Amino acid sequence: MTNEKLTTRDENFSDWYNEIIQKAEMADYAPVRGCMVIKPYGWALWENIQKALDKRFKETGHQNAAFPLFIPMSFLEKEKEHVEGFSPELAVVTHGGGQELEEPLVVRPTSETIIGHMYSKWIKSYRDLPVLINQWANVVRWEMRTRLFLRTLEFYWQEGHTAHATASEAEEETLRMLHVYEDFAVNEAAIPVICGMKSETEKFAGALHSYTIEAMMGDTKALQSGTSHNLGQNFAKAFDIQYLDEKNQLQYCWTTSWGLSTRFIGAIIMTHGDDQGLVLPPRLAPIQVVIVPIFHNVEEREAVLQYTQKVLTALADFRVKLDDRFEQTPGFKFNDWEMRGVPLRIEVGPRDVANDKLVIARRDVPGKEGKEIIEFGTLTQKVSALLVDIQQSLLKKATAFRDSHIFEAQTYEDLQQSVEKGWAFSYWCESKECEAKIKEDTKATTRCIPFDQDQKSGSCVVCGKETSTKAYFAKAY
RNA sequence: CGGGGUGUAGCGCAGUUGGAAGCGCGCUGCGUUUGGGACGCAGAGGUCGGCGGUUCAAGUCCGCCCACCCCGACCA
């Protein structure tokens, strides 16, 4: 399975990415163009992502529910901007039960409309608010160009949909969930992100405004890794989501939505992966520690396997895998598990059994430098400490990489050069014309207007107009 | 949808002027191996992407179609 050498990132980042997914057995191409099968190892990673997020959603008062896959076509048409944004990429069902349907059904590209419809039924009084619901679901968007995890016709995600009494509560929720994503990305996935607002052209179709967490991949391209939208009263008005306030006045709700998808797996691969394969953050890794037994004959095999049982017991609190395949050599297994990004590897051989020791190797430090011989007695403590250290190191390394590839661009020439080697951070007058010119000339788009602004003012990198707004520009996935 | 590329065993590929479908890896069995990608022997595995044409004869030549990948326009 992993017998062949991996293309290096420098040779061809795209090939490297595609190969790593197949060799690490995360996913495979499905027989339908643009669709993928997420294999057990990839899905296990997704499950850990789900757990980490779901815990945070529950902690912030949200409940899970499930809404239908099919949405009446007419629902999509109720919000003007929304239908314009999504109609080119809708999958439409026209037949069912052998007959043509009276009204075509769209396969949900996102669920604002059908959830809005339900909310209008459920919400009658200010006492019903806020409504805080999330769903874990698959959605379909008919994309032109697809890539495993990053853009497939069908993808898995969670979409939160909330309804509030006031504009400020909705804004508060939108930001709260963005920061949940930020916390998750940084502390679970070890991916540094920049939080900010999307430009008018980049925002969600139908939103008042959108917030994003933007991450830099190993090739310096940007990846929008999670988004949170303040929908204002747009959907409330389109779907008649109204409530009676304390003064018996009929009011429209303020709604939000926020989502993070299996695309995030792509972010993990492209942020941490190296030329040996995947590198997974310990907190999300399906397997945190792999044990590779080494022996030369039957007697040694018995002794070693007995010893590994002790190791398994000592590491009961971790996600551990014993690789007791008899037909593979240790060398093969080392490479195999490195390809799969397992954070720690423990080697147990006759020498270790004799001395009551172990060899422990960390995935993020290649070769001998990452290897260490430890006493069995210190094992549990050591593994625990190393996993924490690897988690921190990955974040530190990714942050250093990102920061060294962001350039303050004062002039348009600066910006053009910057987006060829990383991201540009520049003053921008917020006009669509200047934004469009940058995209036209460089293929880079505005990634976000970050929350952290220095309050100073300068001139727009394109038109020279005075502004106090700075934004990130980068080529993006 | 525009540009480029590729379709031959599970994967990667070779296949000469048209003349009996091959190689490496993987897979199965047996044996020897195992501290950084082991080895021997014996096997299994094919509608050469599809349709049509030329020819005594097509993986190979011609036409059409399809699929997938990569680069653009669009997007999580």
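Chain letters run A, B, ... following the sequence lines, proteins first, then strands; residues in each count from 1. These numbers come from a predicted model, not from an experiment.
- Contact of A:D336 with B:rG37 (side chain to base): no donor-acceptor pair of N or O atoms is detected under 3.5 Å.
- Taking a 4.0 Å limit (strictly below) on heavy-atom distances, residues 180-202 of chain A does not reach RNA chain B anywhere.
- Taking the six-membered ring for Trp, A:W157 and A:F155 have ring centres closer than 6.0 Å.
- Residue-environment remark: NZ (A:K321) stays at or below the threshold of 12 foreign heavy atoms within 6.0 Å.
- Looking only at atom types and distance, the side chain of A:S257 has no donor-acceptor partner in the side chain of A:H161 under 3.5 Å away.
- Between the base of B:rG36 and the side chain of A:E338 there is a donor-acceptor pair shorter than 3.5 Å.
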### Query
Does the side chain to side chain donor-acceptor pair (under 3.5 Å) test come out yes or no for A:T162 and A:T256, once each step is laid out?
CA-CA 5 Å; A:T162 69; A:T256 81; 2.5 Å; yes

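- Atom P of nucleotide B:rC74 and atom CZ of A:R141 are separated by 17 Å, given to the nearest angstrom.
- Taking the six-membered ring where the residue is Trp, the centroids of A:F149 and A:Y17 are separated by 6.0 Å or more.
- Between A:F235 and A:Y119, the distance from one ring center to the other does not fall under 6.0 angstrom.
- Checking A:E89 against A:V359, the closest nucleotide of RNA chain B that is more toward the 5' end is the one next to A:V359.
- Heavy-atom neighbours of A:K368 NZ from other residues, nucleotides or ligands within 6.0 Å: at or below the threshold of 12.
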### Task
Tell me, with the steps shown, if A:F295 and A:F326 meet side-chain contact (heavy atoms from CB on, under 4.5 Å).
CA-CA 10 Å; A:F295 42 80; A:F326 188 67; 3.6 Å; yes

Every protein N/O within reach of nucleotides 38-44 of chain B N/O, cut-off under 3.5 Å:
{"from": "B:rA38", "atom 1": "OP1", "to": "A:T329", "atom 2": "OG1", "distance (Å)": "3.2"}
{"from": "B:rA38", "atom 1": "OP2", "to": "A:T329", "atom 2": "OG1", "distance (Å)": "2.3"}

Pairs under 3.5 Å (N/O, protein and nucleotides 66-72 of chain B):
{"from": "B:rC68", "atom 1": "OP1", "to": "A:R33", "atom 2": "N", "distance (Å)": "2.8"}
{"from": "B:rC70", "atom 1": "OP1", "to": "A:N18", "atom 2": "ND2", "distance (Å)": "3.0"}
{"from": "B:rC71", "atom 1": "OP1", "to": "A:S14", "atom 2": "OG", "distance (Å)": "3.0"}
{"from": "B:rC71", "atom 1": "OP2", "to": "A:R145", "atom 2": "NH2", "distance (Å)": "2.4"}

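- Aromatic ring centres of A:Y181 and A:Y211: separated by at least 6.0 Å.
- Spacing between atom CD of A:E369 and atom P of B:rG36 amounts to 17 Å, rounded to whole angstrom units.
- Toward the 5' end of RNA chain B, the nearer of the two residues A:F326 and A:A476, judged by each one's closest nucleotide, is A:F326.
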